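See below for the structure under consideration.
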Amino acid sequence: MKLTSSFASLIVCAVTLASAHDAHLEARRTSSLLISPPGLPKLPTASAATAAAATVGLNLTDIQGDIVTGMTKNRETFLFFGIADAPSFKSKLRSGVLPLITTAMQMTKNSTQPTTLVNVAFSHTGLGALNVSDTLGDGAFTGGQLADAGNLGDPGTSHWVSQFVGTNIHGVFLLASDTDANVASTVTAVTTALGDSITQIYTLQAAARPGAEQGHEHFGFLDGISNPAIQGFDDSPLPGQASVPPGEIIVGETGDPFISQRPPWAIGGSFLAFRQLEQLVPEFNKFLTDNPIRAPGFTDQQGSDLLGARMVGRWKSGAPVFLSPLADDPALGADPTRNNNFTYALNGSSTSSSTDQSRCPFSAHIRKTRPRADLGLPENTGRHILRGGIPYGPEVSDSEAASNTTSTERGLAFVSYQSSIGNGFQFLQRFWADNTGFVEQNTGFDPIIGANKGANRTVGGLDPTDPSRTITLITDFVVSRGGEYFFSPSLSALANTFTV
Ligand code: N7H
């Protein structure tokens, strides 16, 4: 009799566990939590991702989902926290939050996506707080972003959000969904589960822009078109999309240049560079209005639009200036099979001209940050990042537009994933965007993100009627408000290393 009753309670226990497990995995969604503006690449299907993963042995159920999701978040909250009580944090993270962490695999199908994507990443000081003492083999991560401000071209930290000045931030939760209510209830679930084991240091709420601007960043340009396809996750890159070995983004995988320096538990993780980048939109628009390109037959408006497009390298629709040099082509911008299909070289050549900027300036933001044939083809720079950012802040108000002056902060909550911050985000900012001699002499700064510690920035090649003309920018239209470097561990590392 006794045996039978224990057996019965075992069954009850097993059923309860199974239903809790099923509740976690059960189909809760019929529509995606992501946006899908025309022109942006889509995530691979679950079966395509599974087949791709098998070829390189990538464990997509162990990799956090945000790493592969790209710039298609709809509503997202970044919750930066300190660990107040490490033992309590570990046990609460394990019991209350770990079951909510979303995997890469889950993101590939609406029915397996959660109500709200939940991901977590830790700073170097966060690893210390948790007694995770292994060296991860990334100097920028170890030093933290504050120590890197000068390298990135920031004019000190006087513009930084005060909470980023210091090394108190131990980690960040990223919570994304299709409604504010979903995000808010999941924020409550996570913070309630963790209770006093954390201190909430800083929160940034971000959202895709409304209506027809959905998918466009605050200057008005479609963003998130060009992200690399990670081999082993997406083996069907779109035309012109970079296909990168998994180790360029995911630590410890094939192609990770520092693979020998990684502790085993770091495999399947990725370094997350977070930057809060304010955008001075009315000031940017005023600059375009005041400095139209004076091309024959162009109205002032057309000249201003051309200047903006050449600064970015794409028109607002996403159409690349290299393929459509004089006017926007919205059909091209909206077509993901064509809008990334260019190399800056002509006629199938593997190198681009070192003098011809008629189609696209060397300084254009997308050319600085991915020079394609400028560094020769096939493209194997090892400098790709997976961008996962989202706009924050309100639309420009009438009074801001009328006064050409920002009064309420807005910008980009910039997120990039890479297996090496020094090869990825830091390199792109420091050695490409801020380097006036890259990719050719007199290229000047990247006019969008290039930073000169607050001093004026010279930019070459913007005027196609006189490519030798240098334009001096006296305003930084993108202002760093600081950030932090994090490591986004695999789910097994969270279970076996971070919570024990
Ligand atoms: Fe950039 N922008 O609106 O001008 N970015 N970016 N970015 N960005 C891109 O091709 C923008 C920033 C890259 O593969 C587009 O997806 C703004 C940082 C890279 O051809 C637009 C900010 C870094 C690419 C913008 C900002 C990068 C890229 C075109 C800050 C790295 C892909 C859409 C407020 C250090 C290049 C697209 C490629 C594209 C804008 C930040 C890097 C419109 C406003 C900090 C690698």
Side-chain angles (χ1 to χ4, degrees), residues 66-67 70-71 73 76-80 119 121-124 138 140-141 143-169 171-174 176 201-207 217-219 221 223-224 227 249 270-281 365-366 368-369 383-393 409-418 420-434 445-454 476-488:
D66 192 53
I67 297 170
M71 303 191 72
K73 266 68 68 69
E76 184 163 12
T77 289
F78 299 86
L79 177 61
F80 299 91
N119 273 194
F122 297 92
S123 67
H124 178 67
D138 193 286
F141 170 75
Q145 196 174 112
L146 179 62
D148 215 17
N151 291 333
L152 302 174
D154 286 11
T157 54
S158 57
H159 295 302
W160 277 40
V161 172
S162 62
Q163 291 90 335
F164 289 131
V165 184
T167 52
N168 293 340
I169 292 176
V172 58
F173 283 104
L174 300 89
I201 295 180
Y202 177 59
T203 302
L204 183 65
Q205 285 176 319
E217 52 66 58
H218 275 294
F219 292 142
F221 297 84
D223 204 358
N227 249 334
I249 307 297
S270 184
F271 290 99
L272 187 179
F274 178 86
R275 294 275 272 174
Q276 181 170 331
L277 297 173
E278 180 176 11
Q279 292 175 252
L280 303 184
V281 179
H365 172 58
I366 65 163
K368 276 276 199 180
T369 53
R383 310 282 181 206
H384 296 96
I385 57 176
L386 206 309
R387 291 174 301 131
I390 177 171
Y392 71 90
E409 182 176 344
R410 62 183 59 74
L412 181 69
F414 176 85
V415 168
S416 73
Y417 291 100
Q418 53 267 295
S420 158
I421 295 170
N423 279 352
F425 163 72
Q426 188 201 47
F427 193 93
L428 268 50
Q429 181 71 52
R430 183 180 182 188
F431 295 114
W432 284 355
D434 298 352
F445 287 89
D446 174 331
I448 302 295
I449 63 161
N452 192 19
K453 303 196 174 190
D476 288 348
F477 304 113
V478 170
V479 178
S480 164
R481 304 268 286 133
E484 187 50 286
Y485 297 141
F486 298 96
F487 183 70
S488 179

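The structure displayed is predicted, hence computed values, not measured ones. What's counted below: heavy atoms across the whole structure, side chains too, no hydrogens, waters or symmetry copies.
- Residues meeting the side-chain hydrogen bond (donor to acceptor under 3.5 Å, both in side chains) test with Gln163, sequence neighbours left out: none.
- Here NZ of Lys368 is found 10.5 Å from CH2 of Trp432. Values are rounded to the nearest 0.5 Å.
- A centroid separation of less than 6.0 Å is found between the aromatic rings of Phe414 and Phe425.
- Thr369 approaches Ile449 most closely through the heavy-atom pair CG2-CD1, 4.2 Å.
- In this structure, Gln279 CD and Arg410 CZ are separated by 9.5 Å, a value rounded to the nearest 0.5 Å.
- Under the side-chain hydrogen bond (donor to acceptor under 3.5 Å, both in side chains) criterion, Lys73 pairs with Asp66, Glu76, not counting sequence neighbours.
- Aromatic rings of Phe122 and Phe486 (six-membered ring for Trp) have centroids beyond the 6.0 Å cut-off, not under it.
- Looking at heavy atoms from C-beta onward, Val415 lies in side-chain contact with Tyr417 at the 4.5 angstrom threshold.
- Between Ile448 and Asp446, the shortest heavy-atom contact is N-OD1, 2.8 Å.
- The minimum heavy-atom distance linking Pro155 with Gly454 is given by the pair CB-N, 3.6 Å.
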Practice prompt. Evaluate side chain to side chain contact (heavy atoms under 4.5 Å, CB included) for Ile67 paired with Leu386, printing each intermediate quantity in order.
Written response: CA-CA 7 Å; Ile67 297 170; Leu386 206 309; 5.6 Å; no
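- When ring centroids are compared, Phe78 and Tyr392 stay outside the 6.0 Å threshold.
- Checked by atom type and distance alone, the side chain of Glu217 never pairs as donor or acceptor with a backbone atom of Pro391 at under 3.5 Å.
- To the nearest 0.5 Å, atoms CZ (Phe219) and CZ (Phe477) are separated by 7.5 Å.
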Worksheet item: For Val172 and Glu484, what are the C-alpha separation, side-chain angles and deciding distance, and is it a side chain to side chain contact (heavy atoms under 4.5 Å, CB included)?
Response: CA-CA 9 Å; Val172 58; Glu484 187 50 286; over 6 Å; no
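- Using a 4.5 Å cut-off on side-chain heavy atoms (C-beta onward), Met71 and Leu412 make contact.
- Summarising the geometry of His159 relative to Arg481, their closest heavy-atom pair is O-NH1, 2.8 Å, with the distance given to 0.1 Å.
- Note: Phe274 CZ to Leu174 CG = 8.5 Å, rounded to the nearest 0.5 Å.
- Asn151 pairs with exactly one of Gln429, Gln145, Gln426 by the side-chain contact (heavy atoms from CB on, under 4.5 Å) rule, that one being Gln426.
- Between Tyr202 and Phe164, the angle of the ring planes goes over 60°, which puts this pair in the perpendicular group of the 30/60° scheme.
- The backbone N or O of Ala121 lies less than 3.5 Å from no partner atom in the side chain of Ser488, so there is not a single donor-acceptor pair.
- Between the side chains of Asp148 and Tyr485, at least one donor N or O sits under 3.5 Å from an acceptor N or O.
- Proximity of a side-chain donor or acceptor of Ser123 to a complementary backbone N or O of Ile169 within less than 3.5 Å is detected.
- Taking both residues in full, the closest heavy atoms of Asn423 and Leu428 are given as O-CD1, 4.4 Å, listed atom of the first, atom of the second, then distance.
- You'll find the side chain of Asn452 reaches within 4.5 Å of the side chain of Phe445, heavy atoms only.
- Between the NE2 atom in His218 and the CG atom in Asp223 there is a gap of 11.5 Å [rounded to 0.5 Å].
- Legend: residues meeting side-chain hydrogen bond (donor to acceptor under 3.5 Å, both in side chains) with Ser480, ordered by chain and number and at least two apart, are Asp154, Arg275.
- Separation of atoms CD1 (Ile385) and OG (Ser420) is listed at 12.0 Å; rounding is to 0.5 Å.
- By the 4.5 Å heavy-atom criterion applied to side chains, Phe173 and Asn119 are not counted as neighbours.
- Closest non-hydrogen pair, Asp434 versus Leu152, comes out as OD2-O, 2.8 Å.
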